[in-house]
Amino acid sequence: MPELPRTLTRSWSSTLKLPKSTFPARVTLTDQSKYLKRCTDNLYAWQRRERPANRPFILHDGPPYANGELHVGHALNKILKDIICRVQLGLGKRVRYVPGWDCHGLPIELKALEAQKDLGKTNGPVSAAVIRKVARELAGRTVKEQMNGFRSFGVMADWENHWKTMDKDFEKRQLGIFREMVEKGLIYRRFKPVYWSPSTGTALAEAELEYKDDHVSTAAFVRFPLVTIPSHLAQNPLLQGKDISAVIWTTTPWTLPANAVIAIHPELEYTIVQSASHGHLLVAQSRLEHLEGILKEDLSVIVPGILGSELADNTTYRPIFKGPDSDAQPIIAAEFVTADSGTGLVHGAPGHGMDDYEACVARGISAFAPVDDHGKFTDRAMPSDPTRLSGKNVLTEGNIAVLEYVESQGLLLSKHRYEHKYPYDWRSKQPIIIRATEQWFADVADIRTSAVKALQDVHFVPTSGKQRLENFVNNRSEWCISRQRAWGVPIPAIYHKGTGEAVLTKDSVSHVMDVIDKRGIDAWWTDDANDLAWIPPSLRESDGPGYRRGTDTMDVWFDSGTSWAEIEPPYSSDGHPADVYLEGTDQHRGWFQSGLLTFIAHQLASGSTTPRAPFKHLITHGFTLDEDGRKMSKSIGNVLHPQTIMDGTLLPPLKQKKGKGKKQTEAKGPVYDAMGPDALRMWVASSDYTRDVVIGKQVLQTVNTSLHKYRVTFKLLLGALSDFCPQDQVPYDQLLLVDRIALMHLSEMTLAARKALESFEFYKAVNAINRWANLEFSSFYMEAIKDRLYTYGEDSLSRRAAQTTLFHIYQHLQEVLAPITPLLVEETWEHTPEALKSHCEHPMKRIVSSPASEWQKPSLEADYQDIVAVHSVIKVIQEKARGQKQMGSSLQSFVHITLPEGSAASSVLRRGLDELADIFVVSSVTLSGSSEPIPDTIANAEWQYSGEYELPNGAKGTVYIFSPQASKCPRCWRYVVPEIEAAEESVCDRCEEVVQELDAST
């Protein structure tokens, strides 16, 4: 083919190697389902087949509750777990992540009752059998709906083998663990105070409480007339013939009918004072001034300095509600009495207070609680006049009635409104009471030492979680595990119909378990009440009242707490069933604690001498908040649904604005483009989840920006590598300086991101990736190599060197993003050229590769910093030229650098001179020493600007930019064509050589 004249007009763009890729610039949601299945279900199945069984990683799922729609808190939790699993997959582990659901408990039971009501089927009490049937159906439907939602987040798990606490196999394992604890003597029944929810009619565990800071009670100061006092006081002439009363302060006047003692501190000083209105009163010396303020009168001290130890067990008083013939009750010593509140004397009702109970039981005083399941007084509250209190709610009209009676007896000194912290039922959001009932308890005191010891080899994220969990365990002596509801696993106790005595032994539980195995667990409720099959043969009486089955169910925390049993032994070499437990910080007092206690009990029952926690790493995350720091709430209107975020149609709440006649509303449109599950995942990965996590349109716009940057980067990489094959790689020692700097940066980013990912600090990994993508890759390296990629000959060493570098970047970027944005990475694989696919493993099936050690040279970082110091000044003064309309593209400038005094020959500005024009994206770079004259080309240029630069070592020099001293090449756009040859369409020597090679090959 004849050579074309240099001046012949032609389309130079056809001779350029512009990037070509099928990778789309934007997410196509219709394609997401295809990528979703590949990088979740298919990938999980592949790794379970292909990864070695001797390198397991087990993440045990803290079961979400099968009730209601998913919210962003669910997304935060499940995506964090998925990122962890994918990181371990990249390390070559075989991942075991089997999702689970917590299906029993009150909220689902209440929904079942509500469903029956809606169907008009609640004319009378609803049977346990009906409740269980409807609740099981409700939970089953919710599990399916939530599972679909979780899968849409890109969560890779064994969904087909998920578990539920209502599964037969789960319930059998749970009962087996319960039987072990029975055999070990860790389960017992006692009449004692527990947290009781009148609104839901059941006992509660502490983990089922939430505290309201602004609860308002009617508090009261009440006097109890003393019957006897210590002899040395009785002989005091100042007290002869005087009626003395002990003064107490209470925030729960409704507990006064159950009063059994008054408690004082043995080391406090008490005094008897005289009140003009109320006679002689006994009060702590330290609280005298406070009482004077309450009564609004000065009190005269009659007998000061009486030690509590003198009064305790030597003083009695007359109860208020038990009638005139009742026995006098004692004043006792107790350490829980304080000198900084009330009167220094505490009214004790062992049926309604934990401390009161312990103090009274030690003295043989039984608990008394005249309150029914619904929080209403029974006839026993006031035997002398039952109708006065019976049937009244203790928290409302019952409290008022108690105070009215106390006042009618002249015993009420004062009452007032008192705002304080008070426990509420976390489900019904109603206040609870403390009430003594017959309940089943697990003895935590016998296992907590082993439990705390087992935590010593657990890694906590954040580290503060260790102390938090230890505190909860140490402060707990027992665990109320029985609930008075129908939807749950039964406590397999049987009761004598005559005496009410409970039977719960290893053999009795085993017998019940055998019947459940044959008939199903619902038969415990549906079988005839007199069916003897449930009664162990040894207890079947030929005559007599016989036995009945109990109706209590187990605390749902016992259900989920035993979920570690779904992980089949053998465990890892260090004895932990799971590598990771991860839930919200509220689970320190919930699932983390119940899982720890049940697993420790199981090990002790099995004879283990070195108990382990069920988890090796315990990770907690905060709650999700809106951008104003508020919790998500439907009433506020700040709830964000995960699907909305994935679809990119985030709409803020309607805004109210005033208009004529009536208010008008307006809403803004979509805030960002649809980015699929990766948008949700990037929000999670970008957040410091160890604190409360903020989400809102501004946060999501930032996430969207990062995701878009990744897409642009991958599109550019795939385009640049469209004609590259791994066999074309250039050895490291033949790479250009800027390539080696790029690989150094890639190495730093990869190592930093990988360290952060493996340390569960995902936001640090995202920060490292974003910084690299925006600065070191996009703003530095890609700008420096575009000319080489687009204008050099296809097989030229320089171009292949750049492609080699980009190939390494492509692979490592896929690997660090695979755990965070798996759909994006899967999509990149879909559009990867076959020449690369045939020589590379799928990015999510790779065991992540380490950057080559030769890439990690400190000297390259020093070179980079010197280059950046000069480049930043060049950019500044180029802007001055642009401001004067003297240049547009940075190529439309020449650069001259005067080196600092004493600049060594090894300076990167000298060594890399041939590359500086590409690095600075200018058409020419020249150098001179500090003592050499400035070239005439600068002085004679049409325009010129200068600025001083300073290198990291403090050395300073000057950089000049000036008008090009050559003409523009129409192909590469560099100003390098000698003006004498600047005929129309003349190209530079380098471009002419490339074009001739192209022409020769066609």
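Numbers here simply count residues along the sequence, with the first being 1. Everything numeric in this text was worked out from a predicted model, so none of it was measured.
Ring planes of F558 and W479: tilted class, angle from 30 to 60°. Ring planes of Y581 and F592: tilted class, angle from 30 to 60°.
Taken to the nearest 0.5 Å, the CG atom of L618 stands 8.0 Å off from the CG atom of L455. Taken to the nearest 0.5 Å, the CZ atom of R179 stands 11.0 Å off from the OG1 atom of T505. Between atom NZ of residue K376 and atom CD of residue E397 there is a gap of 7.5 Å, rounded to the nearest 0.5 Å. The CE atom of M646 sits 12.0 Å away from the CH2 atom of W683 when rounded to the nearest 0.5 Å.
Between F178 and L504 the shortest side-chain heavy-atom distance falls below 4.5 Å. Q116 has its side chain within reach of V134: a pair of non-hydrogen atoms, C-beta onward, lies under 4.5 Å apart. E208 is listed as a side-chain neighbour of D555, based on a closest heavy-atom distance under 4.5 Å. Side-chain contact between M554 and D559 is present, with heavy atoms from C-beta onward closer than 4.5 Å. Under the 4.5 Å side-chain criterion, counting only non-hydrogen atoms from C-beta, F623 is in contact with T585. Residues V371 and P198 have side chains not in contact (no heavy-atom distance under 4.5 Å, counting atoms from C-beta outward). A heavy-atom distance below 4.5 Å is not found between the side chains of L76 and I695. With contacts defined as side-chain heavy-atom distances shorter than 4.5 Å, the pair H621/I619 does not qualify.
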Check the pair R549, D527 against salt bridge (charged side-chain N to carboxylate O under 4.0 Å, His left out), reporting the backbone distance first and the verdict last. CA-CA 10 Å; R549 302 189 297 278; D527 280 359; 5.5 Å; no

Starting from the C-alpha separation in whole Å, work towards a yes-or-no answer on side-chain contact (heavy atoms from CB on, under 4.5 Å) for F57 and V580. CA-CA 9 Å; F57 175 82; V580 168; 3.8 Å; yes

Under the criterion side-chain contact (heavy atoms from CB on, under 4.5 Å), I'd like the reasoning laid out for T553 against H104: C-alpha separation, chi angles, the key distance, then a yes or no. CA-CA 10 Å; T553 54; H104 292 135; over 6 Å; no

Evaluate the criterion side-chain hydrogen bond (donor to acceptor under 3.5 Å, both in side chains) for residue pair D425 and S197; output intermediate values, then yes/no. CA-CA 6 Å; D425 183 333; S197 173; 2.7 Å; yes

Set out, in order, the CA-CA distance, both residues' side-chain angles and the distance that settles side-chain hydrogen bond (donor to acceptor under 3.5 Å, both in side chains) for N77 and K81, then state yes or no. CA-CA 6 Å; N77 179 270; K81 292 173 181 176; 3.0 Å; yes

Verdict with reasoning, I516 to W534, per side-chain contact (heavy atoms from CB on, under 4.5 Å): CA-CA 9 Å; I516 287 175; W534 294 97; 3.7 Å; yes

One pair to check against side-chain contact (heavy atoms from CB on, under 4.5 Å): Q593 and R476. What are the steps and the verdict? CA-CA 10 Å; Q593 191 181 164; R476 192 172 193 176; 2.9 Å; yes

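Of all heavy-atom pairs spanning Y547 and I535, the tightest one is CB-CD1, 3.8 Å. Residues R189 and A502 come closest through the heavy atom pair CD-CB, 4.1 Å. The nearest pair of heavy atoms linking W487 to C103 is NE1-O, 2.7 Å. P64 approaches H74 most closely through the heavy-atom pair CB-CD2, 4.3 Å. Across all their heavy atoms, S687 and V693 have their closest contact at OG-CG1, 3.4 Å. Scanning all heavy atoms of the two residues, the minimum distance from Q146 to G68 falls at NE2-O, 3.1 Å.
A salt bridge links D41 with R151: the distance from a Lys NZ or Arg NE/NH1/NH2 to an Asp or Glu carboxylate oxygen falls below 4.0 Å. A salt bridge links D82 to R681: one of the charged nitrogens lies within less than 4.0 Å of a carboxylate oxygen. A salt bridge links R519 with D531; the closest basic N to acidic carboxylate O contact falls under 4.0 Å. Ionic pairing of R630 and D626 is present here: one or more N-O contacts between side-chain nitrogen and carboxylate oxygen are shorter than 4.0 angstrom. Using a cut-off of 4.0 Å between Lys/Arg side-chain N and Asp/Glu carboxylate O, D517 and K168 are scored as salt-bridged.
When atom types are taken as modelled, the side chain of T598 and the backbone of G561 share a donor-acceptor pair closer than 3.5 angstrom. Judged by distance alone, with hydrogens and angles left aside, the side-chain atoms of R48 form a donor-acceptor pair with the main-chain N or O of V95 at under 3.5 Å. Side-chain N or O atoms of D61 include none that pairs as donor or acceptor with a backbone N or O of P63 at under 3.5 Å. For the pair R483 (side chain) and A203 (backbone), a donor-acceptor distance under 3.5 Å is present. The backbone N or O of C480 lies less than 3.5 Å from no partner atom in the side chain of Y195, so there is not a single donor-acceptor pair. A side-chain donor-acceptor contact under 3.5 Å links R485 to the backbone of T200. The closest donor-acceptor contact from the side chain of E109 to the backbone of G105 lies at 3.5 Å or more, if one exists at all. W254 places no side-chain N or O within donor-acceptor distance of the main-chain N or O of N393, the cut-off being under 3.5 Å. Of the possible donor and acceptor atoms, none in the side chain of H215 sits under 3.5 Å from a partner among the backbone N and O of H420. Without hydrogens or angle criteria, W196 side chain to D373 main chain gives a donor-acceptor distance under 3.5 Å.
For E137, the CD atom is densely surrounded, since the number of other residues' heavy atoms within 6.0 Å is greater than 12. More than 12 heavy atoms of other residues, nucleotides or ligands lie within 6.0 Å of NZ in K429, so this atom counts as buried by the packing criterion. No more than 12 heavy atoms of other residues, nucleotides or ligands shown are found within 6.0 angstrom of CD on E501. Other residues, nucleotides and ligands contribute at most 12 non-hydrogen atoms within 6.0 Å of the CH2 atom of W426. The 12-atom threshold is exceeded at NZ of K164, counting heavy atoms of other residues, nucleotides or ligands nearer than 6.0 Å. Within a 6.0 Å radius of NZ in K133, other residues, nucleotides and ligands contribute 12 heavy atoms or fewer.
Cation-pi geometry between K78 and F153 is not met at under 6.0 angstrom from the ring centre and within 45 degrees of the axis.
For W564 and H60, the ring centers sit 6.0 Å or farther from each other.
No side-chain donor-acceptor contact under 3.5 Å links R173 and T562.
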